[in-house]
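Note sheet for the following structure.
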Amino acid sequence: MSLAKSPWIIHVNCNSCNGCDIEVVACLTPLYDAERFGVLNIGTPKQADIMVVTGSINYKNVNVLKNIYNQIPDPKVVLAVGACASTGGIFHNCYNVIGGVDQVIPVDAYVPGCCPRPEAILDGVVAALSILENKKKGNIKGKEVPLKGNEVPSNA
Amino acid sequence: MLENEVEIKSSSELVKTVEGLKNDGYRYSTMICLKANDGHDLIYIFEKDNKLKNLRYFVKPGEKPKSMSGIYLCALLIENEYQDLFGLTFEGLAIDYKGHLYLTPNSPKSPLA
Amino acid sequence: MDMNSVLTVVLVLIGAPIIGCLAAGIDRKITARLQGRVGPPILQPYYDVKKLLSKDNMIVNGSQNFYVVVYLIFIILSLLMLVFKADMLMIIFVYTVASLALIVGGMSTGSPYARAGSSREIMAILSYEPILILYALAIYLLTGTFKLSAVLDASTPILMYTPLIFIAMLFVLNIKLKKSPFDYSTSHHAHQELVKGMLTEYSGPGFATIEIAHFYEYVFLTGLIFVFWAANPLIGALIAIVAYLLVIVIDNITARVYWQWMLKLSWTFLLAISIVNIAFLYISGVKIV
Amino acid sequence: MTTIIPFGPQHPVLPEPVSLKLELDNDVVVGVLPSLGYVHRGLEKFIDTKDYNQTTYICERICGICSALHGITYTKSVEKLFNAEVPERAEYIRVIVGELNRVHSHLLWLGLFADGFGFESLFYECWKYRESVLDVLERITGNRVIHSISKVGGVSRDLTKEHIDMILKMLDTLEPQIKDIEKVFVNNYTVKKRTVGLATMSKQLAYEAGTAGPTLRGSGNAIDVRETEDWDIYRDLGFKTVVEKDGDCYSRTKVRVKELYESIKLIRNAISKLPNGEITTPIKGFPTGEAIMRTEQPRGEVVYYVKGNGTKNLERLKIRTPTFANIPSLLLTLPGVKLADVPIVVLTIDPCISCTER
Amino acid sequence: MGMLNLVLSNISRKPATRLYPFEIREPFKEFKGRIVFNPENCILCGICQKKCPPDAISVTKADKTWELNLFRCIMCTECVNGCPKGCLSISNERPKTGAKETVKVVVPIVDKPKADSPKAASSKAASSK
Ligand code: SF4
Ligand code: SF4
Ligand code: SF4
Ligand code: SF4
Ligand code: SF4
Ligand code: SF4
Ligand code: SF4
Ligand code: SF4
């Protein structure tokens, strides 16, 4: 139960339009107060458990994203927040967009909406808790993702 | 045609006009790049007392337009952007990102061209 | 070592982190309430540590966790010395070694944030160390010895004669608890311009060790405040608690300032009031028994 | 000895993915090179595959914070191409939603700014008050952040009597709350310690560097697009430009706080003058010609250029966003400040990288 | 001290926090939560698909299916306004967080004799296809 009581998140803003970002931040503010679940927005990936990704992936931030993912110690959970992070959303066909987050790193839970309500994001965090527990029990490791090259072409 | 638009014929005339506008107290607002007749149209937008003044300059295919960043420093960002998106080359940029302001080597080349 | 001391050691080793952990939890709860939200459960710091211990340990070099262990050991040592009423100067020395170990650990990770955070922490030590020394000096002037036992056995509380040093010590408490306005080298819950400052590169068990050391440190620091009214342990504890609450409130009504400002503050204002206090003790020659 | 410290693209106090390579001499910045592209999506090419109506939705997603004003500016620029006359009621609703948008954006910024100098409880305070604005916006438009209120030819949802009462009630409670936080931003000793005299830009410099919005007005330039003829409605509402003279971070903060009161006044006036009638006018055919539309967003002036060529797709859409105009000023203000001040200085231009790069 | 007043009044009041998910506030009736499709009258004209900015809807005439990718929909409601048959409506309930969800519905064609019953299938898939 220890993991489920102290999920520390790192928020990664990829191609987001800021809509999702401000809602993620809103989750931490008094009206939604994610700290009730022990959530802390920790600045460094090395101390994080849940990676909250907003926005789709482009050719420049893909390496930042992979790098942060690799730096998070196991067990870790990736939460894709918003239409963009889940499927590429309205930007899915743009020339500089690779697609949703799941094109480059494994994603454990998706939050729908554009932008998602803070309630939906809290749902996502709560869903991530049990996934974290399961990963710990099953000793499931996140796989190391390669840093450069073979970006998946936009097709989602 | 936009309101208050002046057609500029040569690159030296452009530099002179922009310098004149700066002395008149105009602010550099932005520049717009369009595809036109194989080349590109550049529309320079200036502003003073909430009125816009537009200069239109046609860049012939292969021509390297002069950068305005020597006159207005803030021009450098938009000029770098057009180097990325249209594959233009501006001469004399204050900071030159060489077509990699937004795009990485993996991204599509000059997507708007 | 007699049976009694062994028992005390065991009690401190077990009791201090529990008290520290609760104090940290209460801090977070009160902070949350001051900010108009519900906040985490009181036991949250315990959950955090438990989780960190179960995580993978990612280190950038082999020595970084060694320094953390040194930090933990020296913090415990200084707390034990406080409990055993040892020499005040020694206590301060051991405590400083602990702080230095953490700084060296931060420096050794090589991350630019950790480096910048560590050098800011050095500035913090520079600014509070003189106050601590003057505090020890005041004890010496009042009792004729640096030994804490004299203070604890005396019937008059030293606060009667050291009110200005007490004020200075409140600032030290604020600096050491890394609370706003002095939370620039690292911070507990807030994030800041240096990410996690000197603790940026720690993860999992290494970070948990630091947290546990912090629990001891909480007890140690409030212990230093407690000494001001050790004559009556109840009042002493009350003063320590009030000081702790005060620091929490200050944390919530101030912005973070520069280390330059803190250095100026402590080397002018804090040092001045402490010296005035010392001068008074020296000239009047009061002694407590 | 100078060290290079990478600042961003993922940084806890910067909610925006911008990367600054800072050259530091001890604790002081001597050089800065911004690196962009982490949120470049390529939205200006959207128009090739989608028609001009659908482009409204992409324009709103240029940025989620001033989303309503992006949508409004875009639709107004397309209406210019059509020479369309939009019903007055629609224009008023646009102003109301736009100004509510500004209130939420400024409160959001004040909070993030407070977080920038480690003042967590003030940050929470601002965001707490902001939620009431979001609730109102949600009830008017159906969404908290991306409102989709404006469409070519008018607005998509009407204001009911119930909505109007709710807005007025919210404003009545919000105003004293803003007064409370204003006191802290203006008077708190530690806040002033961090902001007064920091990254000062003279009137002349701010003007010539092409800055926009509160950055420009904080340096004593009374320039606000809401005064121009493109938005004649604002003059009827008694709009006054907010200016502060000093040009430092403190006066930029004060501009934003005062604009909150200005926006509240505008909303109240707009509601009292709200005309009855239609909320949309039908628009037929395809756009031709060129038009430039400017509006004042929370962060400053945005410039939309649209060109139609008689098909359902536009030929060119170009957006000059306020942050785009403000970023060059960072090159001028950052050298000389302490590392600890970098987030604060960057935040005072209210950076929104997602619209800068589109 | 303005801030001291603020924090002290905060501690003396009930916290502002909405205790989600333990206490759930009713969504506003105006809230755009999700698109609801009623297949009864649908003529598979595909206008909704053409109007949808993020291409979240796909209408396949051949196998008579109407499909909506809930995780791509941006709730712009263009499709609702565009549908000539009024098949689409807005609900103030939002889609569930978790796995990606696509709504795939087999549409009974109206001009033919009615199929026995509209088969509605809400298929949950890990990838959007
Ligand atoms: S890339 Fe295509 S599908 Fe995506 S938003 Fe742009 S036009 Fe729409
Ligand atoms: S899902 Fe919507 S709100 Fe979120 S980043 Fe994408 S476009 Fe913005
Ligand atoms: S400036 Fe910021 S808030 Fe405004 S539209 Fe752009 S990204 Fe959004
Ligand atoms: S400044 Fe730019 S990115 Fe920021 S909200 Fe405005 S338009 Fe969007
Ligand atoms: S409804 Fe209209 S668009 Fe759809 S198939 Fe029939 S004629 Fe074509
Ligand atoms: S809205 Fe009408 S004209 Fe435009 S693409 Fe859709 S079907 Fe065609
Ligand atoms: S609401 Fe908009 S995005 Fe969603 S399905 Fe309808 S047209 Fe597509
Ligand atoms: S839902 Fe409406 S618009 Fe879409 S295919 Fe069916 S009838 Fe046509």
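What you see below is based on every heavy atom in this structure, not just the backbone, and it leaves out hydrogens, waters and symmetry mates.
Neither the backbone nor the side chain of D:Leu317 comes within contact range of chain B; no heavy atoms are under 4.5 Å apart.
Here NZ of D:Lys318 is found 3.5 Å from CD1 of B:Ile78. Values are rounded to the nearest 0.5 Å. D:Tyr305 OH to B:Asn54 CG: the interatomic distance, rounded to the nearest 0.5 Å, is 9.5 Å. Rounding to the nearest 0.5 Å gives a distance of 6.5 Å between CD1 of B:Ile43 and CD1 of D:Ile292. Taking OG1 of D:Thr211 as the reference point, atom CZ of B:Arg27 lies at 6.0 Å (rounded to 0.5 Å).
With contacts defined as side-chain heavy-atom distances shorter than 4.5 Å, the pair D:Glu301/B:Thr30 does not qualify.
Taking a 6.0 Å sphere around NZ of B:Lys48, one finds it holds more than 12 heavy atoms contributed by other residues, nucleotides or ligands.
Taking the charged nitrogens against the carboxylate oxygens, B:Glu81 and D:Arg320 have no contact shorter than 4.0 Å, which rules out a salt bridge.
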